[in-house]
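Read through the structure below, which is laid out as structure tokens, and then see the notes.
Here the structure is a predicted model, which means the values were calculated and not measured. Lettering follows sequence order; numbering is per chain, from 1. All values below were derived from every heavy atom in this structure, side-chain atoms included, with hydrogens, water molecules and symmetry-related copies excluded.
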2 protein chains.
Amino acid sequence: MQLPSIRQLTFLIALADKGSFIAAADSVFVTQPSLSAGLKELETILGAKLVERGRKGVKFTPAGKEALSRARTIIAAAIELKDGVRAAAEPLTGTFRLGIIPTIAPFLSPDAVPALKKQYPKLRLYLREEQTARLIEGLRDHELDAAILALPYEANGIETMPLADDEFLFIAPKNHELAIKNPLKPEDIDISNILLLEDGHCLRDHAIKVCGASGLGTEEVRATSLFTLVQMVAGGMGVSLIPKLAIDAGIGLDGVSVRHFSPPIIGRQIGLAWRKGSSRISEAKTLANVLCKQFDKKLIE
Amino acid sequence: MQLPSIRQLTFLIALADKGSFIAAADSVFVTQPSLSAGLKELETILGAKLVERGRKGVKFTPAGKEALSRARTIIAAAIELKDGVRAAAEPLTGTFRLGIIPTIAPFLSPDAVPALKKQYPKLRLYLREEQTARLIEGLRDHELDAAILALPYEANGIETMPLADDEFLFIAPKNHELAIKNPLKPEDIDISNILLLEDGHCLRDHAIKVCGASGLGTEEVRATSLFTLVQMVAGGMGVSLIPKLAIDAGIGLDGVSVRHFSPPIIGRQIGLAWRKGSSRISEAKTLANVLCKQFDKKLIE
DNA sequence: CATTTCAATAGATTTTATCTATATAACTTA
DNA sequence: TAAGTTATATAGATAAAATCTATTGAAATG
């Protein structure tokens, strides 16, 4: 069976993007008759008229729109194939762009990045610290090769795998009543007294979920990072949750009491995310393995 | 940027499938030197060695495996493009293969098929009545273009959309104690007395879920269809659930009492499923719309 | 109604793909 | 170990295709 060629599909896409044969021909560096012939051939192969050649721009038929949409995914796949082969041929060389959420990045990178550099000397690791939504955007726009964030995260075209579990601990000002209560349950926390990160941090959402979703309307102060959050707690402004990862990484805990909650353990799952079909999936997973060990060093003391 | 050609990718796939240059060349109807040259060109374009030419068969490098896997999806997509264009050019002509689960098929087809035939005279609708698992297989193997089944159904590479809701009604022998109880709740049903379809029917699983999952070990009799199920109930062997769809379609109800459960309404959602990337998605959705109206005629009396 | 604009066509030319024939390399076997 | 066998690579010729230039045709514009 005669299949359309990659070249013909690029012609079709160029035509759709430019709106005219001449402009499209220019954009793919051929003459107009070449492009005309290529598209005619494509229509013959597919057995259907794809574009109506009107005087004011071309108009795609339903068949043409169908072909166009599928052509775009095929061309994208062909590009990914090429990139994927390069990545498979010499894995973990060149630039790898990794996004990390702000409640993990400061506590992970100092240890993990040198470890990676050591293991993969040719790797140029570029890190971007942003909130989950931005990271997903970055993956979609091919600006990131992978991202580290909190699971579960469901999104179209994004795939994930778990890396490690991160327990939430309770922090309060020294001498706070809950600093000695036993057993300590998330429900014990006075909701009006809890300090949270500003909007957009997934850790904020986790904390809200853990402490009961409702009735949390009136907080006026929100921290911009876990560092300031701890300082605010130390300053007596309230209590909060903090991931064990941050503590193990040595976040300053002067002036606060830190306590585990009574079982069951509450926490978040840290995971790796990548764009489906990405050319660097296997590299991402290799990196994930190294990072995973890095986590374990911290999380299992 | 120079992309690999469709032809080169078919060469690579043929080589993987046949294991030698000569056999692969045969299978794509070119001579061995042509295939050799094509693959060499592909390796140049991708900038990596894809296969090790050993004496006993060829061996794919990691880069080659990466390329191969992606090449297969690209070729599959190219075929789907071609089919999709044909379908878009003259929708709902030719053969359309639709699978339907057994607890829907008998009650839907008599009305729906003539309606579809009338609306799309050129359509040759081929129907296959099988349980959900088989239908999904059929979709995956390209033996079916779409399927009607009960949602939710999650499966890799399968997409769905809802068509209609189908209420479950209670049936019991005439004069059964539950035939007059008010209000009537699913929990009221004596679990040891309930009749179910044989294994594999999703309706069986739905019924089990509705009446409480546990403690349902000892049923000895299982019906092979809703028709026999009703007859067994009429024969005093027990009680059961039956979808409203079947009743509206005129399943014989002599000798049984039929009752709605007290709110909330329990039931199943009927939906359409298709293979992701299928060339006939839009046709399937068009069909679904017609079928949906067909459902509505029945379900909203 | 001439002019402009854009796509289609014709014919020449270049490039690419494929073929036949042969060389080369790695293993087998006598 | 030398001849035979099998599999891929290479060379050169040939066929097929893609592309180019030049031109035509058709629709819109002033």
- Looking at CD of A:E66 and CG of B:D83, how far apart are the two atoms once the value is rounded to the nearest 0.5 Å?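 Atom-to-atom, A:E66:CD and B:D83:CG are 10.0 Å apart.
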- Query: Which value, rounded to the nearest 0.5 Å, describes the distance between B:I6 atom CD1 and B:I75 atom CD1?
  - Reply: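 Answer for the CD1-CD1 pair, B:I6 versus B:I75, is 4.5 Å.
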- Message: Atom CG of residue position B:D141 - does it have more than 12 heavy atoms of other residues, nucleotides or ligands inside 6.0 Å?
- Response: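 Yes, enclosed.
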Rounding to a whole Å, what distance do you find between [X]:[atom1] and [N]:[atom2]?
| X | N | atom1 | atom2 | value |
| --- | --- | --- | --- | --- |
| A:K40 | C:dA10 | NZ | C1' | 11 Å |
| A:L39 | D:dT19 | CG | C1' | 14 Å |
| B:K59 | C:dA26 | NZ | P | 17 Å |
| B:D26 | D:dA7 | CG | P | 11 Å |
| B:F21 | C:dA26 | CZ | P | 15 Å |
| B:L50 | D:dT8 | CG | C1' | 16 Å |
| B:I6 | D:dA17 | CD1 | P | 17 Å |
| B:E52 | C:dA26 | CD | C1' | 15 Å |

- Contact string for nucleotides 13-23 of chain C, one letter per nucleotide 5' to 3', B = base within protein heavy-atom range under 4.0 Å, S = sugar-phosphate only, - = neither, reads -----SBBB--
- Does A:R53 have a side-chain nitrogen or oxygen under 4.0 Å from the phosphate oxygens OP1 or OP2 of C:dC6?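 For C:dC6, OP1/OP2 do not have a side-chain N/O of A:R53 under 4.0 Å.
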- Task: May I ask you to test the A:Q119-A:V290 pair for a side-chain heavy-atom distance under 4.5 Å?
- Result: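 The answer is yes, as the side chains (C-beta and beyond) meet within the 4.5 Å cut-off.
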- Message: Is the shortest side-chain heavy-atom distance between A:I101 and A:I270 below 4.5 Å?
- Response: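 Side chain of A:I101 against side chain of A:I270, heavy atoms only: no contact under 4.5 Å found.
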- Kindly write out the residues that satisfy side chain to side chain donor-acceptor pair (under 3.5 Å) with A:S69, not counting sequence neighbours, or none if the list is empty.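 Expected list: none.
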